[in-house]
Amino acid sequence: MKILAIGQNYVEHNKELDHAHPEEPMVFMKPDTAILRKNRPFYIPDFSNDVHHEVELIVKINRLGKNIAKKFAHRYYAEIGLGVDFTARDIQWKLKEKGYPWEISKAFDNAAVIGDFMSVTEIENVQNIDFRLDVNGKTVQKGNSKDMIFSIDAFIAYASRFFTFKIGDILFTGTPSGVGPVKVGDRLEGYIFDRKMFDFKIK
Ligand code: ZN
């Protein structure tokens, strides 16, 4: 399986990182070795002093597809969940400055936390999903899928032009504002509406 992710998909987050408004989805990938399963601790890697949390809605692909039209994109997933796109911000900035791909800052081991999923039948409107991240009991990131620049279906239509979607692939759909560094001892709890989707510690 593979993880496809979209960057810079929320206006407020782009302001905080000083990104321009994207004209096309900015897509990147994480390998399956990046997956950190639900509620396992995240160990801060020795190569970074500035690992940021990015809470994101995630989508589980359940059909094989290529060149998927936007109007049919909803047929390719039945579950939406919550994850964390861990990012070694210090490494990312360094690589960006050089104009290099910033792969290692986002694709390293355990950089993709996959929490619980819920059925889309439990969700009234996929483009109106409230989610949030609490760190040590305090809400630090709050988002709603209506604020995505590119909707889930638009992301699927775009990315499937380049990559064949396979059953079990996961999409990370971008983070709202409020990203920041994690430190040893932090407890991260993620919610969709009021349902807890993950709960783990930083070590
Ligand atoms: Zn992200």
Side-chain angles (χ1 to χ4, degrees), residues 1-36 38 42 44-45 48 50-61 77 80-96 100-115 117 129-135 139-152 154-156 158-159 162-163 169-182 186 188-192 197-198 200 202:
M1 62 84 66
K2 60 185 169 297
I3 296 168
L4 287 164
I6 184 166
Q8 308 173 9
N9 203 26
Y10 286 82
V11 174
E12 290 303 317
H13 171 61
N14 292 348
K15 281 187 199 156
E16 75 182 345
L17 290 191
D18 208 17
H19 290 137
H21 193 80
E23 277 161 33
E24 282 185 321
M26 202 271 281
V27 177
F28 61 95
M29 294 174 86
K30 293 181 186 246
D32 57 4
T33 43
I35 292 172
L36 183 62
K38 200 191 110 180
F42 174 82
I44 295 178
S48 176
D50 196 26
V51 174
H52 280 203
H53 55 74
E54 296 190 353
V55 71
E56 311 198 359
L57 290 172
I58 59 178
V59 178
K60 198 188 283 178
I61 297 299
Y77 58 93
I80 290 181
L82 199 67
V84 179
D85 166 21
F86 276 121
T87 305
R89 198 72 71 199
D90 44 358
I91 294 179
Q92 188 188 33
W93 284 124
K94 246 182 245 167
L95 294 168
K96 261 186 186 170
Y100 291 170
W102 33 258
E103 202 82 36
I104 57 172
S105 71
K106 283 196 174 268
F108 63 87
D109 287 357
N110 304 320
V113 175
I114 310 274
F117 287 87
I129 303 173
D130 270 319
F131 62 101
R132 71 174 206 267
L133 174 71
D134 290 359
V135 177
T139 300
V140 295
Q141 288 194 268
K142 252 176 107 145
N144 185 297
S145 53
K146 72 171 162 25
D147 297 320
M148 289 177 178
I149 296 168
F150 300 100
S151 67
I152 291 169
F155 176 24
I156 290 173
Y158 180 80
F162 307 96
F163 305 108
D169 286 350
I170 305 266
L171 312 179
F172 273 68
T173 62
T175 197
S177 60
V179 301
V182 292
D186 283 348
L188 274 63
E189 296 165 277
Y191 294 83
I192 290 181
M197 309 303 279
F198 62 71
F200 66 97
I202 306 295

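Note that ligands are numbered from 1 as they come in the structure, with each ligand's atoms numbered from 1 the same way.
Between Asp130 and Arg132 there is no salt bridge, since none of the side-chain N atoms of the basic residue sits less than 4.0 Å from a carboxylate O of the acidic one. Between Glu54 and Arg89 there is a salt bridge, with a side-chain nitrogen of the basic residue lying less than 4.0 Å from a carboxylate oxygen of the acidic one.
Rounding to the nearest 0.5 Å gives a distance of 12.5 Å between CD1 of Ile6 and OG1 of Thr175.
Under 2.8 Å from the Zn ion (ligand 1), one finds the following protein N/O/S atoms: Glu54 OE1, Glu56 OE2, Asp85 OD2.
Exactly one residue among Gln92, His52, Lys96, Lys94 makes a side chain to side chain contact (heavy atoms under 4.5 Å, CB included) with Ser105. That residue is Gln92.
Looking only at side-chain heavy atoms (C-beta outward), Phe172 and Ile114 come within less than 4.5 Å of each other.
Residue Tyr100 qualifies as open at atom OH: its count of foreign heavy atoms under 6.0 Å is 12 or below.
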